[in-house]
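Bear in mind the structure is a predicted one, so any value in this text is a computation, not a measurement. Residues take their numbers from the sequence shown, with the count starting at 1.
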Amino acid sequence: MAVPDTILNYLNQNKIDYQVIQHEHSLSSYQSSQLAHVDARKIAKAVLLKDNNEYFLALLPASCSIDMHSIREEFGEQIQMAKENEIGQCFPDCEPGAIPAIGELYGYSTIVDKKLRLQPEIYFEAGDHEDLIQVSEPDFEKMMPEARYSYISKDWG
């Protein structure tokens with residue numbers, strides 16, 4: 001599967017300067033970082049969360065795991081991770097598990113881990129398991145003008 005047209009159209013319409021980086025098929029954002037030879041701290045891993053029936057995206061470095069305690073403390077006790085079958089319904093033009101870091105495009109609010117702001121460029125899944133999209137940090141912020149920023153991840157180990 002190629003990068004969905006909805007993603008490319010969104011980037012072009014919003015005048016986001018980007019590059020598509022191809023790599024071998026991967027099963028996770030972290031594995032994508034290894035296959036594409038990109039530091040995992042620079043990859044914005046997207047996690048679909050829900051609060052009752054409202055979905056939103058959490059973006060964090062692929063080198064980290066989501067800190068549900070911090071998220072619940074700041075954004076509400078009812079927040080939980082969405083189930084696999086819900087992800088497919090929320091991103092119908094993407095392969096399961098290849099959630100792009102553009103919540104606004106799909107109508108979802110976004111929370112971004114502040115650790116991503118430390119990176120000069122950011123990569124994210126392109127809706128399939130064989131492409132990453134690379135943007136500068138300023139363009140990454142431009143993609144999601146309504147995003148909220150907080151520390152929502154913890155380092156592995």
Side-chain angles (χ1 to χ4, degrees), residues 1-50 55-68 71 79-144 147 149 151-157:
M1 179 177 179
V3 179
D5 287 339
T6 52
I7 294 173
L8 296 176
N9 291 340
Y10 178 86
L11 295 170
N12 292 327
Q13 288 171 357
N14 287 283
K15 297 179 176 34
I16 304 294
D17 187 25
Y18 68 92
Q19 287 188 320
V20 176
I21 310 297
Q22 295 183 325
H23 58 80
E24 292 178 46
H25 187 86
S26 67
L27 300 175
S28 68
S29 295
Y30 186 78
Q31 188 179 39
S32 294
S33 75
Q34 295 174 315
L35 294 170
H37 307 289
V38 172
D39 185 333
R41 293 174 296 184
K42 294 181 178 187
I43 295 190
K45 171 173 62 177
V47 177
L48 186 65
L49 302 174
K50 69 177 184 178
Y55 295 100
F56 59 96
L57 277 186
L59 305 179
L60 57 144
S63 61
C64 298
S65 61
I66 192 158
D67 185 347
M68 290 302 291
I71 288 175
I79 294 174
Q80 57 188 328
M81 293 178 69
K83 295 182 171 80
E84 279 296 318
N85 64 329
E86 294 172 302
I87 295 169
Q89 295 168 8
C90 293
F91 300 92
D93 60 344
C94 298
E95 291 181 18
I99 303 172
I102 314 174
E104 184 175 291
L105 171 61
Y106 293 90
Y108 305 120
S109 298
T110 305
I111 302 168
V112 181
D113 193 299
K114 287 184 178 181
K115 292 176 187 175
L116 289 169
R117 283 187 153 163
L118 302 174
Q119 303 303 327
E121 70 241 357
I122 297 172
Y123 300 75
F124 59 91
E125 297 287 351
D128 65 12
H129 292 284
E130 294 162 359
D131 295 292
L132 291 171
I133 294 177
Q134 175 192 7
V135 297
S136 68
E137 194 281 331
D139 273 342
F140 184 72
E141 287 192 33
K142 185 178 167 185
M143 286 178 1
M144 51 197 88
Y149 291 81
Y151 289 104
I152 59 168
S153 70
K154 50 189 172 186
D155 295 329
W156 288 339

Check: [Y] and [X] side chains under 4.5 Å, non-hydrogen atoms:
X: Tyr149; Y: Leu116; value: no
X: Ile66; Y: Leu49; value: yes
X: Met68; Y: Ile79; value: yes
X: Asp113; Y: Pro61; value: yes
X: Lys50; Y: Gln80; value: yes
X: Pro100; Y: Ile133; value: no

(request) Please identify each residue that fulfils side chain to side chain donor-acceptor pair (under 3.5 Å) with Ser109, with sequence neighbours left out. (result)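 For Ser109, no residue satisfies side chain to side chain donor-acceptor pair (under 3.5 Å) once neighbours in sequence are set aside.
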Minimum-distance pair of heavy atoms, taken over all atoms of [X] and [Y]:
X: Pro4; Y: Asp93; answer: CG-O, 3.2 Å
X: Leu132; Y: Ile43; answer: CD1-CD1, 3.9 Å
X: Tyr55; Y: Glu86; answer: OH-OE2, 2.8 Å
X: Phe140; Y: Ala101; answer: CE1-CB, 4.3 Å
X: Leu35; Y: Ser26; answer: CD1-CB, 3.7 Å
X: Asp128; Y: Ala98; answer: O-CB, 3.2 Å

(request) Give a yes or no on whether the backbone of Pro96 and the side-chain of His129 come within a donor-acceptor separation of less than 3.5 Å. (result)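 Yes, His129 side chain to Pro96 backbone: donor-acceptor pair under 3.5 Å.
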(message) Enumerate the ring pair (Phe, Tyr, Trp, His ring centres under 6.0 Å) contacts for residues 87-128, please, sequence neighbours excluded, ordered by first and then second residue.
(response)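 Pairs touching residues 87-128 that pass the test: Phe91-Tyr106, Phe91-Tyr108.
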Report the distance from atom [atom1] of [X] to atom [atom2] of [Y], rounding to the nearest 0.5 Å.
X: Leu59; Y: Ile152; atom1: CG; atom2: CD1; value: 7.0 Å
X: Met143; Y: Ile122; atom1: CE; atom2: CD1; value: 8.0 Å
X: Cys94; Y: Ile87; atom1: SG; atom2: CD1; value: 11.0 Å
X: Glu125; Y: Glu130; atom1: CD; atom2: CD; value: 10.5 Å
X: Cys90; Y: Phe56; atom1: SG; atom2: CZ; value: 12.0 Å
X: Leu105; Y: Thr6; atom1: CG; atom2: OG1; value: 5.5 Å

(request) Give every residue pair that meets the salt bridge (charged side-chain N to carboxylate O under 4.0 Å, His left out) criterion with at least one member in residues 23-44, sequence neighbours excluded. (result)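 Residue pairs with at least one partner in residues 23-44: Asp39-Arg41, Lys42-Glu121.
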(request) Could you name each residue pair satisfying salt bridge (charged side-chain N to carboxylate O under 4.0 Å, His left out) that touches residues 132-142, not counting sequence neighbours? (result)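 Only Arg117-Glu141 qualify under salt bridge (charged side-chain N to carboxylate O under 4.0 Å, His left out).
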(request) Under the side-chain contact (heavy atoms from CB on, under 4.5 Å) rule, collect the residues that match up with Gln19, sequence neighbours excluded. (result)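 Ile21, Gln134.
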(request) Using side-chain contact (heavy atoms from CB on, under 4.5 Å) as the criterion, list what pairs up with Asp67, not counting sequence neighbours. (result)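 In terms of side-chain contact (heavy atoms from CB on, under 4.5 Å), with neighbours along the sequence ignored, Asp67 is linked to His69, Ser70, Lys154.
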(request) State which residue, out of Lys115, Lys114, Lys45, fulfils the side-chain hydrogen bond (donor to acceptor under 3.5 Å, both in side chains) condition with Ser153. (result)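 Looking at Lys115, Lys114, Lys45, the match for Ser153 under the side-chain hydrogen bond (donor to acceptor under 3.5 Å, both in side chains) is Lys115.
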